[in-house]
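Below is one structure, written out as structure tokens; comments come after it.
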Amino acid sequence: LFDGIYPFYPQKRKAAVFDISIIMVIVVFLALACSFLLIIPGIRGRARLYWTLRVLLSLAVGVVIVVLQFTGDWQSGWVRANTSYKSFSPALVSAEVGLHVGLAGVNITLLGAPVRQLNETIDYNEFFSWGLGADYEQSYVAGLQKGLPSPILYVAEKFRARSPCGVQRQYRGAGRYASISLW
């Protein structure tokens with residue numbers, strides 16, 4: 001990590017170091033691989049090597065595809081900027097704004113540089129979901145009601161359905177078709 005500063009955070013802050021759903025997927029595939037390795041002695045001759053390579057390679061490809069289904073880093077970026085922190089306030093803060101676009105939504109990170117500015121700790125990580133059964137507009141309105149900082153709301157507004165940018169329609173459609181093809 002970069003001089004003790006985490007420029008991006010995972011999709012949702014977790015108490016554990018790793019995402020439990022990804023660990024479960026990996027454990028299932030490792031169990032399948034171990035069970036196949038127990039069966040290998042029953043295959044005769046040179047076919048044993050070919051079957052071992054074929055099955056282990058297909059399991060490796062399968063685990064990569066399934067793990068990609070659950071990741072939130074399909075497209076990401078960040079910028080360091082001097083920006084207003086609150087609406088209708090002339091005060092500027094120096095911060096890093098990060099964006100992670102995944103199949104199920106967008107994660108926006110705001111980290112002050114330094115973290116303590118304007119007598120506040122500037123360290124935000126917000127996830128706006130558009131996945132199955134999620135309402136992006138509702139999560140955006142909830143962010144407005146919570147009083148999130150202006151940079152987070154500005155980026156989140158670009159992904160609204162009514163935004164002139166129209167990026168939510170593109171990302172949501174691409175995410176839906178990518179998810180279908182991955183499954």
Side-chain angles (χ1 to χ4, degrees), residues 1-43 48-79 95-113 115 121-136 138-140 142-143 146 148-149 151-152 155-156 159 167-168 170-183:
L1 310 182
F2 307 98
D3 298 326
I5 298 173
Y6 297 94
F8 297 111
Y9 291 97
Q11 285 230 341
K12 294 179 183 175
R13 292 185 186 189
K14 298 169 184 66
V17 177
F18 297 105
D19 187 6
I20 302 301
S21 62
I22 293 177
I23 290 175
M24 288 173 45
V25 167
I26 292 172
V27 166
V28 166
F29 276 91
L30 283 176
L32 288 172
C34 289
S35 65
F36 178 74
L37 290 176
L38 291 173
I39 297 171
I40 283 294
I43 301 174
R48 180 182 304 163
L49 176 66
Y50 297 132
W51 273 102
T52 303
L53 291 176
R54 186 179 305 160
V55 170
L56 292 181
L57 183 64
S58 64
L59 282 174
V61 169
V63 75
V64 167
I65 289 173
V66 174
V67 166
L68 284 176
Q69 177 71 30
F70 294 111
T71 189
D73 296 333
W74 281 85
Q75 189 168 11
S76 62
W78 66 276
V79 66
E96 292 182 0
V97 181
L99 175 70
H100 287 274
V101 180
L103 294 179
V106 61
N107 186 19
I108 304 168
T109 303
L110 178 69
L111 182 65
V115 176
T121 301
I122 302 173
D123 186 8
Y124 291 90
N125 183 29
E126 299 295 326
F127 182 70
F128 299 94
S129 178
W130 61 56
L132 295 173
D135 186 13
Y136 186 85
Q138 179 64 29
S139 60
Y140 178 77
K146 280 194 323 190
L148 291 176
I152 291 178
V155 174
F159 287 90
V167 293
Q168 185 202 31
Q170 295 169 352
Y171 277 112
R172 192 173 189 171
R176 183 174 293 133
Y177 290 121
S179 178
I180 290 169
S181 65
L182 284 175
W183 281 117

For this session: Output, in order, the C-alpha distance, side-chain angles, deciding distance and verdict of side-chain contact (heavy atoms from CB on, under 4.5 Å) for Tyr124 and Leu111.
Result: CA-CA 6 Å; Tyr124 291 90; Leu111 182 65; over 6 Å; no
Exercise. What distance do Ile39 atom CD1 and Cys34 atom SG have between them, rounded to the nearest 0.5 Å?
Worked result: 11.5 Å
For this session: Could you check Val66 against Val63 for side-chain contact (heavy atoms from CB on, under 4.5 Å), going step by step and ending with a plain yes or no?
Result: CA-CA 5 Å; Val66 174; Val63 75; 5.8 Å; no
Exercise. Below 4.5 Å, heavy atoms only, C-beta onward: do Phe127 and Ser129 meet side chain to side chain?
Worked result: yes
Problem set entry | Reported CZ-to-CG distance for the pair Arg172 and Leu103, which is rounded to 0.5 angstrom | 12.5 Å
Exercise. Do Trp130 and Asp135 come close enough that some side-chain heavy atom pair is under 4.5 Å?
Worked result: no
Problem set entry | Atom pair CG (Asn107) and CG (Leu99), whose distance is rounded to the nearest 0.5 Å | 8.5 Å
Exercise. How many angstroms lie between CH2 in Trp51 and CG in Leu56, if you round to the nearest 0.5 Å?
Worked result: 12.0 Å
Exercise. Are the aromatic ring centres of Phe159 and Tyr171 under 6.0 angstrom apart?
Worked result: yes
Exercise. Should Leu110 and Ile122 count as side-chain neighbours, where that means a heavy-atom distance under 4.5 Å?
Worked result: yes
For this session: For the pair Val79 and Glu96, evaluate side-chain contact (heavy atoms from CB on, under 4.5 Å) and give the outcome as yes or no after the intermediate values.
Result: CA-CA 6 Å; Val79 66; Glu96 292 182 0; over 6 Å; no
Exercise. Looking at side-chain heavy atoms only, is the closest gap between Phe128 and Ile108 below 4.5 Å?
Worked result: yes
Exercise. Any side-chain heavy atom of Gln75 sitting closer than 4.5 Å to one from His100?
Worked result: no
For this session: Taking all non-hydrogen atoms of both residues into account, name the closest pair between Val97 and Pro151 and its distance.
Result: CG2-CB, 4.1 Å
For this session: For Phe36, look at atom CZ and say whether over 12 heavy atoms of other residues, nucleotides or ligands are found less than 6.0 Å away.
Result: yes
Exercise. To the nearest 0.5 Å, how far apart are CD1 in Ile43 and CD1 in Ile40?
Worked result: 4.0 Å
